[in-house]
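Here the structure comes first, spelled out in structure tokens, and everything after it is commentary.
Quick caveat: nothing in here was measured; it's all calculated off a predicted structure.
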Amino acid sequence: MGRMGVTLAIIGAAATCAIAAHLVAKRVRQRANWSRALAIYHDFRDGCATPLHRLRQVVDAMVVEMHAGLALEGGSKLKMLLSYVDNLPTGEENGLFYALDLGGTNFRVLRVQLAGTEGRILQQEYEEVSIPQALMVGSNEELFDFIVAELASFITREGEGFHPLLGRQRELGFTFSFPVKQTSIDSGNLLKWTKGFAIKETVGKDVVEELQAAMGRHKLDMRVTALVVNDTVGTLAGGRYWNEDVMVAVILGTGSNACYVERADAIPKWRGVLPKSGSTVINMEWGSFWSSHLPRTPVDDTLDADSLNPGDQGFEKLISGMYLGDIVRRILLKMAEEAALFGNTVPSNLFIPFILRTPDVSAMHADESADLKEVTRVLRVVFKTQASLRVRKIVVDVCDTVAGRAARLVAAGVVGILKKIGRDTVGNIDMARLKNNLAGKGRKTVVAMDGGLYEHYPKFRTYLNDTAVELLGKEAAEQVAVELSKDGSGIGAALLAASHSQYSSD
Ligand code: BGC
């Protein structure tokens, strides 16, 4: 070999060595990244852990906070608000009832014709009306006049099959989803407007009086018999109408909350005459529940700090549909930044808050295809990225961790409520209570659930139900049923207008 040949051979060997060294270094880097990604995930998973003993502490903390919130106003982060609903529908209601649902830029008017236990809901109709922007920031009278004018026009279109009973006023349940200090079943003062409404004069006023006054101005002969300020209360009424064993209602949607039937004599902060039924519905506002036993990770801390309401709604931020997707996004972002989960550059969409929605999490979590096709699709569509199969698997694990923690905590919350009302153990149902109309009649206790998280997330639902059985034990769990109650809250206000009718005997 000439000198030239030797030089070339040396250069060739050096290049091969360099490439090999580069490949080895890359492999070493990849391995280090993968170990780092696993370590981040394992840390997160450990922080989210909900072993049974911990859930039992959450159950007990829920019970303690419920007592504290019932003892006095501000006694707990759990507000335990009185709803003044002390009659729930029984199914025996008869006649035509209306509901008006105001809680955003659209309002809904609805009518139902009820025909007792045999006929039940003969007919129902509703209409949705959007509120002109100007009226949301205009005058009090203009807003209520507009609403009542639409309601009056809806009434004129009462078709075949809708009949007010002779000589009776039409009655209406008013759902008003804004912060209100309720003072009775048919009165409550607006504390502040939210959701884009800003009409100074209404603040501090009784919204039922305002609505009733507008009805007067329109010569509309109608009476507001129930003010419903929370969707859980409507859900409870809707569930109870069909099933007398419904004692608890839970909403698991964008937000989360629960209400339940409580004995009036177990509410020390109650002022005034106790209701005839002996019980009343408590709106827990459980989204703001907090306990040091709740498993919270640094990811949850930053989610809270970056939120519109830091320090508030701590339980809701662990369990509700609004947040689950963003918790998953945040942990994936951490793994992308610190362990190159999606390669050397972090996909820019991973930085966008709330870009990953809970339905996407549900879809990835449910993916049982060998190559995780759905995960590939969501990563492509939402984050504009792709990933190897082992990365896609870890994405599913993250979804499982986040949804599993949420579902198990919801189960603990529900069992807390059951424990508070003595429905968590076999044969624990106090027979004396069964005599009053609000306490349910059967030996079962039914929890009415509404909201997309329960309805459209099968793995979440399974975790929730299984955990409830784990906590209650098989035998006691047989006395409890969780039932989907779809849009109970819509019709719930009309049913509450019926159960609080001025014509009913109690
Ligand atoms: C609100 C509750 C409401 C729940 C379900 C929560 O964010 O605080 O008042 O019942 O969402 O819609």
Side-chain angles (χ1 to χ4, degrees), residues 44 47-52 54-70 74-81 179 230-233 235-236 248-260 262 282-328 330 354 358 361 401-420 447 449-454 457 460-461 463-464 467-468 471 482:
F44 177 67
C48 290
T50 50
L52 210 53
R54 187 160 201 175
L55 287 182
R56 291 201 195 287
Q57 289 170 320
V58 174
V59 169
D60 291 339
M62 183 65 84
V63 176
V64 167
E65 294 303 319
M66 289 172 81
H67 277 285
L70 291 172
S76 160
K77 279 203 159 199
L78 272 186
K79 295 197 189 71
M80 305 301 282
L81 304 172
N230 192 262
D231 46 3
T232 54
V233 178
T235 302
L236 184 75
V248 179
V250 175
I251 292 194
L252 277 174
T254 310
S256 181
N257 190 12
C259 73
Y260 72 104
E262 181 59 279
I282 298 290
N283 163 20
M284 294 175 63
E285 285 297 334
W286 87 354
S288 57
F289 168 64
W290 192 251
S291 151
S292 58
H293 299 299
L294 289 170
R296 179 155 143 162
T297 69
V299 171
D300 301 301
D301 294 338
T302 55
L303 179 140
D304 179 50
D306 295 347
S307 72
L308 293 171
N309 51 351
D312 225 11
Q313 298 292 93
F315 193 48
E316 182 167 88
K317 285 173 185 158
L318 296 177
I319 61 171
S320 89
M322 165 142 183
Y323 301 103
L324 298 192
D326 212 47
I327 303 174
V328 171
R330 281 166 184 271
F354 297 101
T358 300
V361 175
T401 301
V402 173
R405 174 181 67 169
R408 287 172 67 78
L409 291 178
V410 171
V414 169
V415 171
I417 301 173
L418 296 175
K419 190 164 183 177
K420 170 73 183 72
V447 179
M449 281 271 176
D450 197 2
L453 195 50
Y454 189 76
Y457 198 149
F460 184 97
R461 199 162 57 227
Y463 274 136
L464 198 169
T467 311
L471 283 167
V482 177

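- With Lys77 contributing its side chain and Gly69 its backbone, the two residues share no donor-acceptor pair below 3.5 Å.
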Check step by step if side-chain contact (heavy atoms from CB on, under 4.5 Å) holds for Leu318 and Phe289.
-> CA-CA 11 Å; Leu318 296 177; Phe289 168 64; over 6 Å; no
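- Residues Val447 and Ile417 form no side-chain contact, since every pair of their non-hydrogen atoms from C-beta on lies 4.5 Å or further apart.
- Once rounded to the nearest 0.5 Å, the distance linking CG of Asp450 with CG of Leu252 reads 9.5 Å.
- Scanning all heavy atoms of the two residues, the minimum distance from Leu464 to Ala411 falls at O-CB, 3.6 Å.
- The SG atom of Cys48 lies 7.5 Å from the CD1 atom of Ile327; values are rounded to the nearest 0.5 Å.
- Annotation for Val250 and Ala258: closest pair CG2-CB, 4.0 Å, computed over non-hydrogen atoms.
- Interatomic distance, His293 NE2 to Met62 CE, rounded to the nearest 0.5 Å: 12.5 Å.
- In this structure, CZ in Phe460 is found 7.0 Å from CD1 in Ile319, a value given to the nearest 0.5 Å.
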Would Met80 and Glu65 count as a side-chain contact (heavy atoms from CB on, under 4.5 Å) if you check the C-alpha gap in whole Å, the side-chain angles of each, and the deciding distance to 0.1 Å?
-> CA-CA 9 Å; Met80 305 301 282; Glu65 294 303 319; over 6 Å; no
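- Taking the side chain as every heavy atom from C-beta outward, Leu471 and Thr467 approach each other to under 4.5 Å.
- Contact annotation: the side chain of Val361 never approaches that of Val402 to less than 4.5 Å [non-hydrogen atoms, C-beta and beyond].
- Heavy-atom minimum distance, Ala68 versus Ser76: CB-CB, 3.8 Å.
- Side chain of Asp326 to backbone of Phe354: a donor-acceptor contact under 3.5 angstrom is found.
- Residue Asn257 forms a side-chain contact (heavy atoms from CB on, under 4.5 Å) with just one option from Glu285, Glu316, Gln313, and that option is Glu285.
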Could you please spell out the steps behind the side-chain contact (heavy atoms from CB on, under 4.5 Å) verdict for Met66 and Ile282?
-> CA-CA 10 Å; Met66 289 172 81; Ile282 298 290; over 6 Å; no
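- Across all non-hydrogen atoms, the minimal contact from Trp286 to Phe315 is O-CD2, 3.3 Å.
- Taking CG of Asp231 as the reference point, atom CG of Leu236 lies at 12.0 Å (rounded to 0.5 Å).
- Annotation for Ser320 and Gly255: closest pair CB-C, 3.9 Å, computed over non-hydrogen atoms.
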Asn283 and Lys79: side-chain contact (heavy atoms from CB on, under 4.5 Å), yes or no, with the steps?
-> CA-CA 8 Å; Asn283 163 20; Lys79 295 197 189 71; over 6 Å; no
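- The shortest side-chain heavy-atom distance between Leu409 and Pro295 falls under the 4.5 Å cut-off.
- Put simply, the side chain of Thr50 never gets that close to the backbone of Arg405: no donor and acceptor are under 3.5 Å apart.
- When each of Asp306, Asp300, Thr297 is tested with Arg330 by the rule side chain to side chain donor-acceptor pair (under 3.5 Å), just one qualifies, namely Asp306.
- Here CG of Leu294 is found 13.5 Å from NZ of Lys317. Values are rounded to the nearest 0.5 Å.
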